[in-house]
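In what follows, a single structure is set out as structure tokens and then discussed.
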Protein chains: 2
Amino acid sequence: MSATKARAKRQSPPLTVDPAALKTYVLEDQIGFLIRRAHQRASSIFDQVMDGFEVTPVQYSVLAKLHDLGPTSQNLLGRLVGIDPATMFGVAGRLTKRGLVSPSVDPTDARLVLLSLTDEGRGVAEAMKSRGSEVTARTLEPMTAEEARTLVALLAKIT
Amino acid sequence: MSATKARAKRQSPPLTVDPAALKTYVLEDQIGFLIRRAHQRASSIFDQVMDGFEVTPVQYSVLAKLHDLGPTSQNLLGRLVGIDPATMFGVAGRLTKRGLVSPSVDPTDARLVLLSLTDEGRGVAEAMKSRGSEVTARTLEPMTAEEARTLVALLAKIT
DNA sequence: TATTGTTATACTCTATAACTATA
DNA sequence: TATAGTTATAGAGTATAACAATA
């Protein structure tokens, strides 16, 4: 999730409270709480449907994007799927160690590490993509098709 | 997020693919991808608004729920906010070490560890709750009030 | 100067599995 | 038998900060 290290060590804000605000505040209605719970459920479904691939949701997003784009620099790839450089370093390393991805230096710009899918990586990416819609379907199963479209459209707004 | 250890070490599914499915599959439209991104953004806003408290979103959900309910068993509390027992053990330990929560054995059932807010914990819970609506507001800022209500209602369905 | 990537460091969350204690 | 909790173990993701290399 989130910035655990971002929490700087500073003095706490004053502990004064508006009592009126407390009454109407219901944890379960807060968007952050709901997103966290939905995230847990979506991840769990991903794990079930993608069982056997040994690839995490974040790793999958990298493979899928790489499959869309062809060889792409590590940094850009991370930006496209929402992974910061330090995290991407670890993700790329794990995918490389698994033999799904192969790094090389960009001939045009020696700073860039190009990531490419290996043959095995391409196979895994395609097999997982073909199951991707099942993950989506099962995650959205509790709602109608129209509700699902609405949810997707609204979520896209806060991304 | 998710079940990293749930990925059992088994043989991969066959790497056969329906080519037609690949074309219509857009990573950025998948509910799981959107939820992960939304989760990142919501967490980041939480970190900004709650800066100074040194409390993570998960820890906050425990404090808020404890403030709602009064002393509650560790296990039940975890179930209510979506934290499994092993994770809850760590979360409770960190909150206890911080002096925000205090554990005790339930007199009625010696298996239960009751968690209670300390005085400081109550102050922090109330101060954070009073800021909770700001987190929600800023997270939902890109949409109208009605869209926000719709999103919350739909997310509640997949929780 | 700005960007890309690397590395060290650290912490939270997550989960499985095996275990003890209690009901 | 079932439930609550503990503990060991493991790994992913996240981020900060400092740094080197390149543009």
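Chain letters run A, B, ... following the sequence lines, proteins first and then strands; every chain starts at 1.
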Q | Pairing of Arg149(B) and Asp29(A) as salt bridge, 4.0 angstrom limit | A | no
Q: Using whole Å, report how far CZ of Phe46(B) lies from C1' of dA15(D).
A: 16 Å
**Q.** Any donor-acceptor N or O pair under 3.5 Å, side chains Asp84(A), Thr87(A)
**A.** yes
Q: Using whole Å, report how far CZ of Phe53(B) lies from P of dT12(C).
A: 18 Å
Q) Charged N to carboxylate O under 4.0 angstrom, Arg94(B) versus Glu54(B)? A) no
Q | Distance-only donor-acceptor check, side chains Glu126(A) and Ser130(A), under 3.5 Å | A | no
Q. Taking CD from Gln48(A) and C1' from dT16(C), how many angstroms apart are they, rounded to a whole number?
A. 16 Å
Q) Once you round it to whole Å, what is the distance between P of dT4(C) and CG of Leu77(A)? A) 13 Å
(Q) Centre-to-centre under 6.0 Å for Tyr60(A) and Phe46(A), is that the case here? (A) yes
Q.
Do Lys65(A) and Leu69(A) make a side-chain contact, defined as non-hydrogen atoms from C-beta onward lying under 4.5 Å apart?
A. yes
Q: Specify the residues of residues 82-91 of chain B, ordered by number, for which at least one heavy atom lies under 4.0 angstrom from an atom of DNA chain C.
A: Asp84(B), Ala86(B), Thr87(B), Val91(B)
(Q) Looking only at the side chains, is there a donor atom on one of Gln48(B) and Arg138(B) sitting less than 3.5 Å from an acceptor on the other? (A) yes
Q. Would you say dG13(D) has OP1 or OP2 under 4.0 Å from some side-chain N or O of Arg36(B)?
A. no
Q. Does the side chain of Gln74(A) get closer than 4.0 angstrom to OP1 or OP2 of dT4(C) through an N or O atom?
A. no
**Q.** Interatomic distance, Leu151(A) atom CG to Ile35(B) atom CD1 [nearest 0.5 angstrom]
**A.** 6.5 Å
Sort me out a list of protein N/O and nucleotides 19-23 of chain D N/O pairs below 3.5 Å, or just none if empty.
unit_1	atom_1	unit_2	atom_2	d
dA23(D)	OP1	Ala110(A)	N	2.9

Q | salt bridge (Lys or Arg N to Asp or Glu O under 4.0 Å) partners of residues 73-82 of chain B, not counting sequence neighbours, each pair once | A | none
Q: Whole angstrom is fine here: how far is it from CZ in Arg37(A) over to C1' in dC13(C)?
A: 14 Å
Q: Rounded to the nearest angstrom, tell me the gap between atom CG in Asp47(A) and atom P in dA12(D).
A: 12 Å
Q.
Can you tell me if Arg94(B) touches the phosphate of dC13(C), counting only side-chain N or O atoms and a distance under 4.0 Å to OP1 or OP2?
A. yes
Q: Mind calculating the distance between CG (Leu112(A)) and P (dA2(C)) to the nearest angstrom?
A: 18 Å
Q: Determine: side-chain N/O of Ser73(B) to OP1/OP2 of dA4(D), distance under 4.0 Å, yes or no.
A: no
Q: May I have the distance from Asp106(B) (atom CG) to dA21(C) (atom P), rounded to whole angstrom?
A: 19 Å
